[in-house]
Amino acid sequence: MKLYNIKDHSEVVNFAQAVRQGLGRDQGLFFPSEIRPLSNIDELLKMDLVTRSEKVLRNFLGDDELADLSGVLRRAFTFPAPLVKVSENTYALELFHGPTLAFKDFGGRFMAQALQAVSEGQHITILTATSGDTGAAVAHAFYGIEGIDVVILYPKGKISNLQEKLFCTLGGNIRTVAINGTFDDCQALVKKAFDDEELKKAIGLNSANSINISRLLAQVCYYFEAYAQLPEDKRGNVVVSVPSGNFGDITAGLLARACGLPIKRFVISTNANDTVPRYLASGKWEPRETVPTLSNAMDVSRPNNWPRVEELFRVMGWSLSDLAYGAMNDDETRDAMRRLYKLGYVGEPHGTIAWSLLQDNLADGETGIFLCTAAPAKFKENVDQILGTDIPLPEALASRADLKVLSDNFDPDWNVLRNYLMK
Ligand SMILES: *Cc1c(COP(=O)(O)O)cnc(C)c1O
């Protein structure tokens, strides 16, 4: 598999390099040089998730990269992605049955396995800052992976108790540090580390961030899985609605369509951080200040995967005007959660926005799928308050609630962190 840098097409790398590097020159994103159509979609749809995913990804990777793809997938995809019928023509794709109850488990776990496979025994240190959720996905994805250490910084006292329990109780190769400061302090420290060439070399620093191509490839797989679970008489005119923040998830869906999965249309669903819906309506790219919302994982006003979406439309000869889109504020989100609950389905804010905008977009004779990116229990406080429910804590959370937090703790002091990383 060859990939080029969208900002400088002369920079071409293979899959292993793209996974290790993350970004290209000038912070440019890597993009596949060739997207081959899959010829045997009907056969693929009969397979189980892991078997099918191997075929789909082999089509991207070619024959000479990631020799142990099947092992990587077996270790990464250890949980299902059920498609749940919500009403006559509408289905929820539940992507939250992994260890941290969010779809990021798919990309994170695949990336962890792929990175180990391509690192050829070199020691790697993952350093990342989190305001809560990404840290958990990274910690669980890399937990127990030999040759890779993980250090996660988070602002002390500024993440929920449950969030802290979820990723600061693992131990082993996962070190967590509560920084006496803000999320911005944590991010500034991470940035310093990546500017320190000596340190970078010494500990094999890597960011494992959301821009890594391996995450997108992993996510392509569950669009096929969704389609495979549809009853055959519902497969004709499929519309998929994706709750979008950094636009990685929808990029993966569009890649699935590019290699032949017959999805008729995508709906871009955002909250009040609606840079892309406004852009598609007006042709003007005008990011505003990010505003906090109920669907906080989508509080992004400069979505970092958007250049990949545009690149894909360009190389496929598709028109951006084929994208449906919509944005919802918090009041509309609450109202939609109540309407969805009346249909018998408990949704959290992200997936519910996708459901509601899907309903606005769906025509007669079409089948809609909306992506449920997190478990309602992850947003228990809001969900219970809006719906008047008392939803149970899933096992993944409940089982960690009594464990001891193992985090270290220090001030946002670069020298202290540097010594800590060098140890
Ligand atoms: C990260 C996230 C999203 C947004 O996904 P992108 O790939 O960044 O568009 C949506 N919902 C939840 C729950 C998330 O954690």
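Please read all numbers here as calculations on a predicted model, not as lab measurements. Counting starts at 1 for both ligands and their atoms, following the listed order.
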(request) Would you check the N or O atoms of His350, main chain and side chain alike, for any that come under 3.5 Å of an N or O of ligand 1? (result) no
(request) Could you tell me whether some N/O pair between Phe379 and ligand 1 is separated by less than 3.5 angstrom? (result) no
(message) Under a plain distance cut-off of 3.5 Å, with no hydrogens placed, do Asn180 and Asn409 share a side-chain donor-acceptor pair?
(response) yes
(request) Taking the side chain as every heavy atom from C-beta outward, state whether Tyr91 and Val86 have any atom pair closer than 4.5 Å. (result) no
(message) Just to confirm my output: which protein heavy-atom neighbour is closest to atom 4 (C) of ligand 1, and how far is it?
(response) Gly245 N, 3.6 Å
(request) Using a strict 4.0 Å cut-off to heavy atoms of Ala374, name the atoms of ligand 1 that fall inside it. (result) 13 (C)
(message) Could you check whether Asn14 and Lys2, counting side-chain N and O atoms only, form a donor-acceptor pair closer than 3.5 Å?
(response) no
(message) Can you see whether Arg109 engages Thr78 through a side-chain donor-acceptor pair at a distance of less than 3.5 angstrom?
(response) yes
(request) Looking only at protein heavy atoms, identify the closest one to atom 5 (O) of ligand 1 and say how far it is in Å. (result) Phe103 CZ, 3.4 Å
(message) When you measure from the heavy atoms of Ser244 to every atom of ligand 1, does any distance fall below 4.0 Å?
(response) yes
(request) Would you mind running through ligand 1 and noting each atom that sits below 4.0 Å from a heavy atom of Pro243? (result) 4 (C), 10 (C)
(message) Does the plane of the ring in Phe379 sit parallel, tilted or perpendicular to the ring in His350? Use 30° and 60° as the thresholds.
(response) tilted
(message) If we count only N and O atoms by modelled type, under 3.5 Å, do the side chains of Ser301 and Asn273 hold a donor and an acceptor together?
(response) no
(message) Regarding atom 7 (O) of ligand 1: of the candidates Asp299, Asn246, Asp249, Ile353, which has the closest heavy atom?
(response) Asp249
(message) I need the nearest protein heavy-atom contact for atom 14 (C) of ligand 1: residue, atom name and distance, please.
(response) Lys104 NZ, 2.8 Å
(message) So, regarding Gly248 and ligand 1 (criterion: nitrogen or oxygen to nitrogen or oxygen, under 3.5 Å), is there a contact or not?
(response) yes
(request) Tell me yes or no: between the side chains of Asp185 and Thr182, is some donor less than 3.5 Å from an acceptor? (result) yes
(request) Starting from atom 11 (N) of ligand 1, find the nearest protein heavy-atom neighbour and note its residue, name and distance. (result) Thr373 OG1, 2.8 Å
(request) State which residue, out of Glu366, Gln359, Lys85, fulfils the side-chain hydrogen bond (donor to acceptor under 3.5 Å, both in side chains) condition with Thr90. (result) Gln359
